[in-house]
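Below is one structure, written out as structure tokens; the observations come after it.
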Protein chains: 2
Amino acid sequence: MDQKCLLCTLRSSAENKLNPEELEKLSLNCLTVSFKKGDSIIRQGTYSTNVAYLKEGLVKIHIEGPYFTQVVRIVKRGHYLGLPTTFGDKVNQYSVSAVEPSEVCFIDITAFRDMLSSNSEFSSQILTELCKSELESYQKCVNRTQRQLRGKIAGVILEFADDIYQSDNFIISINQQEMGNLVDASRESVSRVLSEFGRDKILRMEGKEIEILNKKMLINIAQNG
Amino acid sequence: MDQKCLLCTLRSSAENKLNPEELEKLSLNCLTVSFKKGDSIIRQGTYSTNVAYLKEGLVKIHIEGPYFTQVVRIVKRGHYLGLPTTFGDKVNQYSVSAVEPSEVCFIDITAFRDMLSSNSEFSSQILTELCKSELESYQKCVNRTQRQLRGKIAGVILEFADDIYQSDNFIISINQQEMGNLVDASRESVSRVLSEFGRDKILRMEGKEIEILNKKMLINIAQNG
DNA sequence: TATTAATTGTGATTTAGATCACAATTAATT
DNA sequence: AATTAATTGTGATCTAAATCACAATTAATA
């Protein structure tokens with residue numbers, strides 16, 4: 001009798017709606033894999049028979065655009081990855097890579113679908129997650145196009161500080177090229193803006209360590225010009 | 001005994017999974033409303049107790065950005081509107097307006113949730129719709145930022161021709177300002193590109209009537225530069 | 001049908017950010 | 001520690017598209 005999911009402390013909010021029997025069934029159909037920074041977790045264009053759940057770590061969702069790779073979003077622990085594939089044509093429409101060391105739980109797609117149809121609370125949680133992500137996409141879409149670079153970079157720094165690390169002093173795990181892909185800017189422009197923030201004493205940067213010195217200002221830049 | 005949904009010929013794929021009793025219950029909890037071009041169907045920031053289903057017509061989803069309204073996408077008949085609100089905080093996160101005369105079916109949120117939990121085939125269809133829309137968002141996000149204006153406008157024209165009107169000769173129902181909001185460009189730039197397409201004999205335009213004269217070329221522009 | 005409002009076309013000018021080019025760091029590997 | 005590879009910083013130049021400005025159409029309404 002496999003109790004690994006029953007005993008797992010990193011279950012998703014959806015999985016928390018499952019009863020012990022369902023959790024046991026889940027245990028038999030899921031597999032946890034560790035990834036190092038930079039590892040590919042899901043590959044665009046490949047066939048998939050799993051849903052992935054990010055138990056621990058930080059990943060980026062990226063799509064191969066016509067000219068360069070675009071980072072669509074950064075996803076932190078506690079979210080599913082590749083849900084759209086589950087209900088689509090089973091071919092991954094985007095790639096996911098580890099930005100920090102990550103633990104991913106791969107769940108067999110059939111078992112996942114069974115849980116969806118047998119447990120309506122489970123499926124309601126999944127629906128909620130999908131809806132949130134749709135809204136986030138819309139918002140991102142507006143941000144990407146209606147703010148200028150300083151604002152977008154300020155926004156990303158704040159996202160890392162408030163949402164991801166919950167600290168104003170952190171080691172950022174993406175490089176300037178990746179940040180550029182995330183905010184639709186060239187590496188050089190990112191570098192220039194970051195230098196500017198340093199000069200203006202808004203940030204202190206040493207290598208990948210970032211400390212927010214003037215948060216008010218940063219928030220102001222993120223919101224306005 | 002209300003049979004309007006049972007007899008409705010414009011049911012969604014999800015509603016087609018409902019049995020006659022469920023359809024009767026739906027009939028008692030839904031209301032069809034007609035909208036004229038330009039009418040507001042869902043208002044960002046307002047409280048909502050309904051899910052909307054677009055039975056007929058064409059609408060745009062738009063969000064108030066910091067500087068201007070951004071048209072996130074055009075939605076044609078056969079899709080739900082405002083699903084994210086259903087599972088979110090009940091406050092509409094975006095607006096929806098009729099671009100063409102439209103028929104919208106408003107379904108009480110509680111009845112809708114009941115169907116989701118009682119009928120897993122129904123909920124599976126809804127999940128599928130949400131997933132598709134997520135993928136579409138990601139793709140749109142890449143298109144918005146990695147193609148230049150000529151390509152984006154060519155893409156929009158093709159979307160109207162192939163997906164919305166299924167004809168290479170149609171009356172476009174959005175003006176140049178709205179098209180600009182849809183492809184993140186100024187009204188003037190849209191005008192210039194359209195004139196250019198006219199000069200190059202790619203399109204013939206008379207007022208709002210558009211005829212595609214050189215589709216190969218248009219497709220080429222949409223894909224490449 | 002006259003008048004007002006909305007939409008469109010096109011030139012001139014400006015600008016945010018891209019691209020190019022190369023030096024300076026920093027990190028990874030032999 | 002030495003060498004190679006990856007990342008970063010910054011100036012100079014270029015460019016697609018924004019913005020400004022205003023005339024020309026077209027549509028809506030009194």
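A, B, ... follow the sequence lines: proteins, then strands. Residue 1 opens every chain.
For D/dA18, one of the phosphate oxygens OP1 or OP2 lies less than 4.0 angstrom from a side-chain nitrogen or oxygen of B/S189. In this model, the phosphate group of D/dG9 is approached by a side-chain N or O of A/Q176 to a distance below 4.0 Å at OP1 or OP2.
Going from atom CG of A/D184 over to atom C1' of C/dA18 covers 13 Å, rounded to whole Å. If you take CG of A/N181 and C1' of C/dA18, they are 14 Å apart, rounded to a whole angstrom. Taking atom CD of A/Q148 as the reference point, atom P of D/dA18 lies 13 Å away to the nearest angstrom. Summarising the geometry, the separation between CG on B/L194 and C1' on C/dT10 is reported as 14 Å, rounded to the nearest angstrom. One can place CD of A/Q177 at 11 Å from P of C/dA18, the figure rounded to the nearest angstrom. One interatomic measurement links the two molecules: CD of B/E196 to P of D/dA17, which rounds to 10 Å at whole-angstrom precision. Between the CD atom of B/E209 and the P atom of C/dT8 there is a distance of 15 Å, rounded to whole Å. A straight line from NZ of B/K36 to P of D/dA28 spans 13 Å, rounded to a whole angstrom.
With C/dG17, D/dT8, C/dT8 as the candidates, the nucleotide lying closest to the side chain of A/R187 is D/dT8. Side-chain proximity of B/N175 to the nucleotides C/dA16, C/dG9, C/dT8 is greatest for C/dT8.
A donor-acceptor pair under 3.5 Å is formed between the side chain of A/K152 and the backbone N or O of A/V183.
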**Message:** If you apply the rule side chain to side chain donor-acceptor pair (under 3.5 Å), what do you find for A/Y138 with B/R73, and how did you get there?
**Reply:** CA-CA 9 Å; A/Y138 287 170; B/R73 56 201 290 221; 3.0 Å; yes
**Request:** Check step by step if side chain to side chain donor-acceptor pair (under 3.5 Å) holds for A/T32 and A/E103.
**Result:** CA-CA 7 Å; A/T32 301; A/E103 295 270 298; 5.6 Å; no
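When both distances must be under 3.5 Å, the Watson-Crick or G-U wobble mate of C/dA28 is D/dT3.
Between A/E188 and A/L149, it is A/L149 whose nearest contact on DNA chain C lies nearer the 5' terminus. Annotation: of the two residues near DNA chain C, A/K208 and A/A185, the 5′-most nearest-nucleotide partner is A/A185.
Relative ring orientation between B/F170 and B/Y165 is described as parallel, the plane-to-plane angle staying below 30° on a 0-90° scale split at 30° and 60°.
Heavy atoms of A/S191 sit under 4.0 angstrom from at least one base atom.
Side chain B/R192 to base D/dT19: a donor-acceptor pair is found below 3.5 Å.
There is a side-chain donor-acceptor pair under 3.5 Å between A/Q70 and B/T145.
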